[in-house]
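Quick note: residue numbers are just sequence positions, from 1.
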Amino acid sequence: MQVAEYQLHVQSSSGRLTEQSAVYRWWQAYARAMRELNREPRIGPSLKGHAEAAGLRDVQLEYKRLPIGDWEQGA
């Protein structure tokens with residue numbers, strides 16, 4: 001079985017992400033809405049524990065970076 005789940009962590013390695021950026025504002029609105037629905041907006045890190053608690057064995061976790069937005073020149 002394979003499960004792919006985004007662990008959204010909107011951040012900037014270049015420092016160009018500000019509180020006024022559309023992506024940042026979207027993340028804040030998304031996280032707020034999820035919490036209002038009593039949902040965890042960053043469920044990804046706990047999925048391995050949930051799978052093991054359900055009895056699955058040999059559970060592996062792999063993180064991949066997924067750049068979004070305006071990339072730096074030459075990147």
Partner set under salt bridge (Lys or Arg N to Asp or Glu O under 4.0 Å) for Glu19, not counting sequence neighbours
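Result, salt bridge (Lys or Arg N to Asp or Glu O under 4.0 Å) vs Glu19: none returned.
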Would Trp26 end up clustered with Met34 when hydrophobic side chains under 4.5 Å apart are linked, directly or stepwise?
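As far as the 4.5 Å side-chain criterion goes, Met34 and Trp26 are connected within one cluster.
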Pairwise distance CZ(Arg42) to CD(Glu40) - rounded to 0.5 angstrom
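It comes to 8.0 Å.
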Could you list the residues that satisfy side-chain contact (heavy atoms from CB on, under 4.5 Å) with [X], not counting sequence neighbours?
| X | value |
| --- | --- |
| Arg35 | Ala31, Pro41 |
| Ser21 | Leu17, Thr18, Val23, Tyr24 |
| Ala33 | none |

Name every donor-acceptor pair, under 3.5 Å, that has one atom in a side chain of residues 53-63 and the other anywhere in the protein, sequence neighbours excluded.
unit_1 : atom_1 : unit_2 : atom_2 : d
Glu62  : OE2    : Lys64  : NZ     : 3.1

Apply side chain to side chain donor-acceptor pair (under 3.5 Å) to Glu36 and list each qualifying residue two or more places apart in sequence or on a separate chain.
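Side chain to side chain donor-acceptor pair (under 3.5 Å) list for Glu36, sorted by chain: empty.
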